[in-house]
Amino acid sequence: MLEITRIRTAKDELVEGLKKRGVDYSEKLDEVIQLDEKWRSKKAERESIQSESNKLSKSIGQLFKEGKAEEANAAKERSAELKTQEHALKEEVNELETQIQHLLYEIPNVPQSIVPAGVSEDDNEVVEEHGSKPTFSFDPKPHWELANELETIDFELGVKVTGAGFPFFTGKGAKLQRGLINFFLDEADKAGYTEYIPPLVVNEASGIGTGQLPDKEGQMYHVVEDDLYLIPTSEVPLTNIYRDSIIKDEGFSIKMTGYTPCFRREAGSYGKDVRGLNRLHQFDKVELVRVEHPDRSEKALEEMVDHVKVLLEKLELQYRVLRLCGGDLGFTSAITYDFEVYSAAQERWLEVSSVSLFETFQANRLKLRFKGEDKKTQLCHTLNGSALALPRIVAALMENHQNEDGSITIPEALRGHVGFDKI
RNA sequence: GGAGAAAUGGCAGAGCGGUUGAAUGCACCGGUCUUGAAAACCGGCAUACCGAGAGGUAUCGGGGGUUCGAAUCCCUCUUUCUCCGCCA
């Protein structure tokens, strides 16, 4: 959610920035400004009536004490009048607040200046490509075939027990999952992130805090009976730890990590995009979440990008880094770097990580602030990034490290964690 | 799931219809004293919003109500604790 003071003071700049998303928000922002003006004047009006009413009440108390019942009763009548007025104004003010709130929920974050304009993924900017695509002396098989032959992942069993998009991992396939999770968590630990095991379901307030709600509830599984949501990423519970809080220390830097399964409804997906492990309703992910001082958030973003690069290099995977264009940028993000690994058999790039800086956009909704030297409270910056999402990593590992005899070689760095060097 | 009790500032804890945004203690910050520290004493110390400012308004778990006036009374929701039941 954009800060209203920012909209008031720098509207043109925001409109310009938002154009990179391919949408003109000037009318919406104007509407916000107009409603906000009205809101402030109504609020002032209401408060002056409240003020008068408060004073009157005090004097009534005084009059009764002094035994001046008649005067007191006259004041009571006046007080009742004020009350009627105050009630009407209260409703107007509340109505305006709701309207403003709804409008603000519809306005996405403003892309940073280096974010390219664009409307689709074709406009994303490749900022780095690492390694060369693997070559084979034989026809590499897609991971779903390998998984079937090696009995590491059972998609059909998942369909039977739950439905499409909920595979079983078995034997060495399951151990590989466990090893990867440990590997990622250990790397995060070494980089100074505190590990959390958060709840896998969250309440509505948390969904709003990180921007999944309102309007994007289609992405999440909703437990209607208890009004709770299955998390689509551990970003939600981790970031919401700091909802409604004020950090006292000026030099803070909060670094959290957590492994969780993630649940996504992903309505409307089809075809090769959802084949095998490419897109699941339930998948495992290790996430990094940071809360930073605005002056240090850029550096934090760089650190996170570097962290992900190292992971992919240790896994001996070819990857590229994309700076997402305005149109492809998430609603809450100011800048996002996507990491894609090359899948040798599918001959396509698969997204395995997304590292984003939200600036104050989430913090504003979360009411996540810090108190600086000057005693002023101001909004923190939040960041997060996957490090990493498992399924596509597994797909790439299987496809890119497959051997002619149908086996798969486990990268050196992972062997200690999975306990074997081949599948 | 059943029965009770409770929710007040960073913490502890008063207040139970009228100058109470809230006593008191601890913690914290500033000062006096001291060679320095401790102690003692003095002062300060919640959050949000509106306002150029003076100042105003709101907030005693959340929401609603009664009343001229609510931290105090009523309703409701949430949470916590105790007891009983069930259970990994």
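First the proteins, then the strands, lettered A, B, ... as listed; each starts at 1. Note that this is a predicted model, so its numbers are computed, not measured. The basis for the numbers below is simple: all heavy atoms, side chains too, and nothing from hydrogens, waters or symmetry mates.
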Given the [atom1] atoms of [N] and [M], what is the spacing between them in whole Å?
{"N": "B:G62", "M": "B:C42", "atom1": "P", "value": "35 Å"}
{"N": "B:U20", "M": "B:A46", "atom1": "C1'", "value": "15 Å"}
{"N": "B:G85", "M": "B:G4", "atom1": "C1'", "value": "15 Å"}
{"N": "B:C16", "M": "B:U78", "atom1": "P", "value": "30 Å"}
{"N": "B:U79", "M": "B:G63", "atom1": "C1'", "value": "15 Å"}
{"N": "B:G13", "M": "B:A6", "atom1": "P", "value": "15 Å"}
{"N": "B:G21", "M": "B:U47", "atom1": "C1'", "value": "11 Å"}
{"N": "B:G61", "M": "B:G43", "atom1": "P", "value": "30 Å"}

In plain terms, say whether [X] and [Y] are close enough for a salt bridge, that is, a side-chain N and a carboxylate O under 4.0 Å apart.
{"X": "A:K299", "Y": "A:E303", "result": "yes"}
{"X": "A:K28", "Y": "A:E31", "result": "no"}
{"X": "A:E47", "Y": "A:K43", "result": "yes"}
{"X": "A:R46", "Y": "A:E92", "result": "no"}
{"X": "A:E187", "Y": "A:K190", "result": "yes"}
{"X": "A:E86", "Y": "A:K83", "result": "no"}

* To do: Taking salt bridge (charged side-chain N to carboxylate O under 4.0 Å, His left out) as the test, write out the residues that go with A:E351, two or more places apart.
  => none
* Asked: Partners of A:R40 by salt bridge (charged side-chain N to carboxylate O under 4.0 Å, His left out), sequence neighbours excluded?
  -> A:D36
Whole Å only: how far is the [atom1] atom of [X] from the [atom2] atom of [N]?
{"X": "A:E45", "N": "B:G51", "atom1": "CD", "atom2": "C1'", "answer": "16 Å"}
{"X": "A:N94", "N": "B:G63", "atom1": "CG", "atom2": "P", "answer": "11 Å"}
{"X": "A:N364", "N": "B:A48", "atom1": "CG", "atom2": "C1'", "answer": "13 Å"}
{"X": "A:E37", "N": "B:G51", "atom1": "CD", "atom2": "C1'", "answer": "14 Å"}
{"X": "A:I246", "N": "B:C49", "atom1": "CD1", "atom2": "P", "answer": "10 Å"}
{"X": "A:L96", "N": "B:C49", "atom1": "CG", "atom2": "P", "answer": "18 Å"}

* Structure fact -> A:E106 and A:Y25 have their tightest heavy-atom pair at O-CE2, 3.8 Å
* **All stems with RNA chain B, defined as three or more consecutive Watson-Crick or G-U pairs under 3.5 Å** => B:1-7 with B:78-84, B:10-12 with B:24-26, B:28-32 with B:40-44, B:46-50 with B:55-59, B:61-65 with B:73-77
* When every nucleotide of nucleotides 56-62 of chain B is labelled 5' to 3' by its protein contacts under 4.0 Å (heavy atoms), B for base, S for sugar-phosphate only, - for none, what sequence of letters results? -> BBS----
* Asked: For every nucleotide of nucleotides 67-79 of chain B, 5' to 3': is a protein heavy atom under 4.0 Å from its base (B), only from its sugar-phosphate (S), or from neither (-)?
  -> BBS----------
* Is there a side-chain polar atom (N or O) of A:T377 under 4.0 Å from OP1 or OP2 of B:A48? -> yes
* Could you check whether the rings of A:F331 and A:F361 sit parallel, tilted or perpendicular, using 30° and 60° as the cut-offs? => perpendicular
* To do: Decide whether a cation-pi geometry holds between A:K172 and A:F420; the criteria are a distance under 6.0 Å from NZ or CZ to the six-membered ring centre and an angle within 45° of the ring axis.
  => yes
* Cationic tip of A:R365 above A:Y105 ring, under 6.0 Å, 45° of axis -> no
* Using the side chain to side chain donor-acceptor pair (under 3.5 Å) rule, take A:E359 and A:N109 through it: C-alpha gap first, then chi angles, then the decisive distance, then the call. => CA-CA 9 Å; A:E359 296 181 341; A:N109 204 354; 4.9 Å; no
* Asked: Side-chain contact, heavy-atom cut-off 4.5 Å: A:K42 with A:N94?
  -> no
* Residue whose closest nucleotide on RNA chain B lies nearer the 5' end, A:K90 versus A:R369 -> A:R369
* Which residues, if any, of residues 4-14 of chain A bring a heavy atom under 4.0 Å of RNA chain B? -> A:R8
* How long is the gap from CG on A:L388 to NE2 on A:H307, to the nearest 0.5 Å? -> 7.5 Å
